*Asks:* 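Handing you a structure now.
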There are 2 protein chains.
Amino acid sequence: MNAVFKALSDPTRRHVLELLRDRPMTAGELADHFPVSKPTMSTHFAVLREANLVDAQKLGKTVIYRLKLSVLEDALLGFVGAFSAVAQAAKPADDAASVANSAPKSAGRPTS
Amino acid sequence: MNAVFKALSDPTRRHVLELLRDRPMTAGELADHFPVSKPTMSTHFAVLREANLVDAQKLGKTVIYRLKLSVLEDALLGFVGAFSAVAQAAKPADDAASVANSAPKSAGRPTS
DNA sequence: ATGATGTTTAGCTAAACGTCGAAATGAAGT
DNA sequence: ACTTCATTTCGACGTTTAGCTAAACATCAT
């Protein structure tokens, strides 16, 4: 969870996630939106990958990045949910309408 | 909003907020929960103040810190809400219930 | 093989961060 | 006024982070 907040603490990375909200995009396509070098973008991608916030799928000669909404929701709603009942109500836990993926709830890293 | 995510990117500060969730506490009382020096804690408090996540009230020779739940909710739910409808449902927005609050939070653009 | 698309490494600068001890501030209490 | 307690401010230090260029590397398409 620490990794998620760390990843979210940078405006560029948050913006990447917002771009990914609409549709999956390739690394180059994403990089075109920012005035930084490709190595720099690549490290940003790596941080997002390590936080498990995006999924990188290599397709041909491009890499497609895809937002992992459930992880974002889990971390942020989970955190706010510990504070407010309002937010707790927004964390469906086992609501089928949430997302169609097999949510890797507690699958991953201990978040350092 | 950047300040909020920046403040949240540190585990110590997140832990401070969690302690404040239960009850307001003085600076020293909070500091006793962490194995760092008081000056260090003081800077953490300053970051939280700048992010508007806590309220500092000076009472006598102590300072009482108080969680500003609405700001936390607004930032985090607002951000997640831009991604998921589920989270959006948890954000009561500017309903009549929150009119008493004088915070003009201009909910809109999360664009960094 | 060549070219395009990322990623990685190396080496660097500059800024930000967390941390500290020591000093300064502010409010009581004596 | 002086002391004491609580907290913040002030340098200083080492680490981390974001950024760059340049080059190397892997993979795939043509």
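Note that the structure is predicted; figures quoted are calculated from it, not measured. Reminder, nothing fancy here: chain letters follow the sequence lines and each chain counts from 1.
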*Asks:* Identify the 5'-most and 3'-most nucleotides of DNA chain D with at least one atom closer than 4.0 Å to a non-hydrogen atom of chain B.
*Replies:* D:dC5 to D:dT9
*Asks:* Compute the bend angle of the helix from C:dA1-D:dT30 to C:dT30-D:dA1 from the end axes (five pairs per end), rounded to 10°.
*Replies:* 20°
*Asks:* With rounding to the nearest 0.5 angstrom, report the CD1 to CG distance, A:I64 to A:L59.
*Replies:* 4.0 Å
*Asks:* For A:L30 and C:dG6, what is the distance between atoms CG and C1' respectively, to the nearest whole Å?
*Replies:* 12 Å
*Asks:* Between C1' on C:dT5 and CD1 on A:I64, what's the gap in Å once rounded to a whole number?
*Replies:* 13 Å
*Asks:* Give, for atom CZ of A:R66 and atom CZ of A:R23, the distance between the pair rounded to the nearest 0.5 Å.
*Replies:* 13.0 Å
*Asks:* Is B:R13 close to B:L8 at the side-chain level, that is, under 4.5 Å between some pair of heavy atoms?
*Replies:* no
*Asks:* For nucleotides 19-22 of chain C, which of its nitrogen or oxygen atoms have a protein nitrogen or oxygen under 3.5 Å away, and what is each distance?
*Replies:*
residue : atom : partner : partner atom : Å
C:dT19  : OP2  : B:H44   : NE2          : 2.7
C:dC20  : OP2  : B:S37   : N            : 2.6
C:dC20  : OP2  : B:S37   : OG           : 2.9
C:dC20  : OP2  : B:T40   : OG1          : 2.8

*Asks:* Can any side-chain N or O of B:S9 pair as donor or acceptor with the backbone N or O of B:K6 at less than 3.5 Å?
*Replies:* yes
*Asks:* If you look at every strand shown and take non-hydrogen atoms under 4.0 Å, does B:T62 touch a base, only sugar-phosphate, or nothing?
*Replies:* sugar-phosphate
*Asks:* Does the protein touch nucleotides 25-30 of chain C at the base, only the backbone, or not at all? Give it as B, S and - per nucleotide, heavy atoms under 4.0 Å.
*Replies:* -SSS--
*Asks:* For a side chain to side chain contact (heavy atoms under 4.5 Å, CB included) with A:L20, tell me which candidate from A:L48, A:L53, A:L67 qualifies.
*Replies:* A:L67
*Asks:* For residues B:V47 and B:L17: do they belong to one hydrophobic cluster (side chain heavy atoms under 4.5 Å, members Ile, Leu, Val, Met, Phe, Trp, Tyr)?
*Replies:* no
*Asks:* Looking for any heavy atom pair under 4.0 Å, which part of the strands does B:Y65 touch: base, sugar-phosphate only, or nothing?
*Replies:* sugar-phosphate
*Asks:* What's the shortest heavy-atom distance between A:V71 and A:A51, and which atoms?
*Replies:* CG1-O, 4.0 Å
*Asks:* Can a side-chain donor-acceptor contact be found between B:T40 and B:S37 if the only test is distance below 3.5 angstrom?
*Replies:* yes
*Asks:* Please list, chain by chain and in numerical order, all residues satisfying side-chain contact (heavy atoms from CB on, under 4.5 Å) with B:P11, sequence neighbours excluded.
*Replies:* A:N2, B:R14
*Asks:* Please assess A:M25 against A:L19 for the test side-chain contact (heavy atoms from CB on, under 4.5 Å), listing each intermediate value before the final yes or no.
*Replies:* CA-CA 8 Å; A:M25 293 173 74; A:L19 290 172; 4.1 Å; yes
*Asks:* Does A:Q57, at its CD atom, have more than 12 non-hydrogen atoms belonging to other residues, nucleotides or ligands within less than 6.0 Å?
*Replies:* yes
*Asks:* Consider side-chain hydrogen bond (donor to acceptor under 3.5 Å, both in side chains). Of B:D74, B:N52, B:D55, which one does B:K68 pass it with?
*Replies:* B:N52
*Asks:* Listing request: all ring pair (Phe, Tyr, Trp, His ring centres under 6.0 Å) pairs with a residue in residues 45-68 of chain B, at least two apart in sequence or in separate chains.
*Replies:* B:F45-B:Y65
*Asks:* How many whole angstroms separate atom CG of A:N2 from atom C1' of C:dG18?
*Replies:* 14 Å
